[in-house]
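Only a predicted model underlies this, so the values are computations on that prediction, with no experimental measurement involved.
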There are 2 protein chains.
Amino acid sequence: MTGPGPTPEQERAWVERVAGFFARQNGLPPIPGRALGRLMICDPPEQSAAELAAAIGASRASLTTALQVLLAGGFVEPGHRPGERTTYYRLADDPWTEVTRRRMAALTSFLAVTGEGLDLLGADSARATRIRRAHELFGWLDSEVGPMWQRWDARREHRDG
Amino acid sequence: MTGPGPTPEQERAWVERVAGFFARQNGLPPIPGRALGRLMICDPPEQSAAELAAAIGASRASLTTALQVLLAGGFVEPGHRPGERTTYYRLADDPWTEVTRRRMAALTSFLAVTGEGLDLLGADSARATRIRRAHELFGWLDSEVGPMWQRWDARREHRDG
DNA sequence: CAACAGTTTCAGTAACGACTGTAACTTATG
DNA sequence: CATAAGTTACAGTCGTTACTGAAACTGTTG
């Protein structure tokens with residue numbers, strides 16, 4: 001007995017939550033977000049563009065765009081079956097680490113802006129105090145995230161490798 | 001001799017870079033972003049809404065909205081001078097720590113979504129493997145950011161207090 | 001090489017969000 | 001209580017973006 005499993009309604013609601021999260025967090029449009037959410041729970045894990053379109057209620061044309069976005073972002077991977085022309089898309093093995101890494105890098109990229117600001121105003125001038133505050137935080141943050149991801153990689157290697 | 005200082009053109013360009021960053025990163029509209037950038041380098045540090053409007057080339061009405069956004073986000077603080085009715089806005093002492101803290105919290109908030117997904121599919125089911133991958137990363141990340149900010153607070157206290 | 005399944009491109013549309021200008025409101029001053 | 005500086009609320013406009021439907025394209029099968 002494997003239990004009843006989620007209802008289609010529950011699945012839809014969860015997919016919508018995923019889409020909402022990536023819309024807010026990564027600026028992903030609704031349909032790519034829904035396709036991503038769907039690919040996280042669909043059974044089987046591989047789905048054609050047409051199947052995904054039907055599942056989330058969008059046009060096939062929209063799925064093309066959505067899948068391009070997801071492919072470019074490294075979220076999904078294309079796959080083929082012998083004797084079939086259809087491309088079956090599946091969630092990448094672990095898109096999350098890379099995506100999150102990128103987001104944090106983007107966060108600390110403010111360091112370049114503050115650095116240029118300090119150059120402009122003179123790093124030691126009183127007027128640059130406000131910028132320096134920001135510069136210190138983002139510089140420190142930048143020095144923290146490197147080791148942090150090293151710890152993650154070590155942990156992953158320990159579990160998988 | 002304190003040097004020539006930046007040209008208005010250079011200031012404008014830098015302000016635009018700040019605005020661009022916060023538009024991409026925090027979803028801030030252009031004008032709030034520009035106002036924020038301006039408040040980072042303006043001299044004197046306190047500015048009225050009218051002054052800011054002139055400096056970044058926006059209407060006063062827009063500045064009202066922009067300043068509300070910045071006040072709500074904790075970026076700026078209002079100030080008054082005796083005998084004057086004008087409100088002078090200045091950059092908060094250190095908005096960056098709090099803002100960045102919020103952003104990282106938002107990042108790890110995906111944990112709630114993956115958690116619900118695991119409940120829905122059954123945490124140990126084969127179908128939940130994809131969700132579990134995400135859940136592990138964000139759970140770990142969540143456990144990392146707490147201590148990380150503690151280190152920052154300690155560092156700050158050591159320097160300031 | 002013809003037929004066809006599937007994918008992609010593109011033009012058009014609808015909805016959304018930001019910004020402006022004006023008008024109403026608030027509050028300190030004489 | 002009248003005045004004036006400044007702030008706020010609002011209606012309208014402009015630009016952008018996501019999405020759809022139809023047509024063009026690609027590549028495999030018989």
(request) For B:Ser62, answer base if it contacts any base atom (sugar-phosphate contacts may also be present), sugar-phosphate if it contacts only those atoms, and nothing otherwise; contact means non-hydrogen atoms under 4.0 Å. (result) base
(message) I'd like to know if A:Arg156 and B:Glu136 make a salt bridge, using a cut-off of under 4.0 Å between side-chain N and carboxylate O.
(response) yes
(message) Output the rounded distance in Å from CD1 (A:Ile56) to P (D:dA18).
(response) 15 Å
(request) Could you tell me whether B:Ala58 contacts a base, only the sugar-phosphate backbone, or nothing, with contacts defined as non-hydrogen atoms closer than 4.0 Å? (result) sugar-phosphate
(request) Just compare C:dA18, C:dG6, D:dC19 and give me whichever is closest to any side-chain atom of A:Pro29. (result) D:dC19
(request) Using atom CZ of B:Arg60 as one end and atom C1' of C:dC19 as the other, report the distance to the nearest whole Å. (result) 16 Å
(request) Select one nucleotide: of D:dT20, C:dT9, D:dT7, the one nearest the side-chain heavy atoms of B:Ala49. (result) D:dT7
(request) May I ask you to say what B:Thr64 touches in the nucleic acid, namely base, sugar-phosphate or nothing, with a heavy-atom cut-off under 4.0 Å? (result) base
(message) Without decimals, in angstroms, what is the distance between B:Glu84 CD and C:dT26 P?
(response) 23 Å
(message) So does A:Val113 get a backbone contact from the side chain of B:Trp14, meaning a donor-acceptor N/O pair under 3.5 Å?
(response) yes
(request) Quick one: sort the B:Phe22 and B:Phe75 rings into parallel, tilted or perpendicular, breaks at 30° and 60°. (result) perpendicular
(request) Select one nucleotide: of C:dG6, C:dT20, D:dT20, the one nearest the side-chain heavy atoms of A:Thr86. (result) C:dG6
(message) Distance check needed: C:dA18 P versus B:Leu70 CG, whole Å only.
(response) 13 Å
(message) If I take atom CZ in residue B:Arg81 and atom P in nucleotide D:dG6, what distance separates them, rounded to the nearest angstrom?
(response) 12 Å
(request) Return the nearest nucleotide to the side chain of A:Ala61; candidates are D:dA18, D:dA22, C:dT20. (result) D:dA22
(request) Using a heavy-atom cut-off of under 4.0 Å over every strand shown, decide if A:Thr65 touches base, sugar-phosphate, or nothing. (result) nothing
(request) Send over the distance from B:Glu51 CD to D:dA5 C1', rounded to a whole Å. (result) 14 Å
(request) Find the distance B:Leu28:CG to C:dA18:P and express it as a whole number of Å. (result) 10 Å
(request) Please work out whether the ring planes of A:Phe138 and A:Phe110 are parallel, tilted or perpendicular, with thresholds of 30° and 60°. (result) perpendicular
(request) Ignoring the backbone of A:Tyr89, work out which of D:dT7, C:dT8, C:dC19 is nearest its side chain. (result) C:dT8
(message) Looking at B:Arg38 and B:Gly33, would you say the former's side chain and the latter's main chain have a donor-acceptor pair under 3.5 Å?
(response) no
(message) In whole Å, I'd like the distance from the NE2 atom of A:His80 to the P atom of D:dG27.
(response) 12 Å
(request) Check whether any side-chain N or O of B:Gln68 sits under 4.0 Å from OP1 or OP2 of D:dT7, and answer yes or no. (result) no
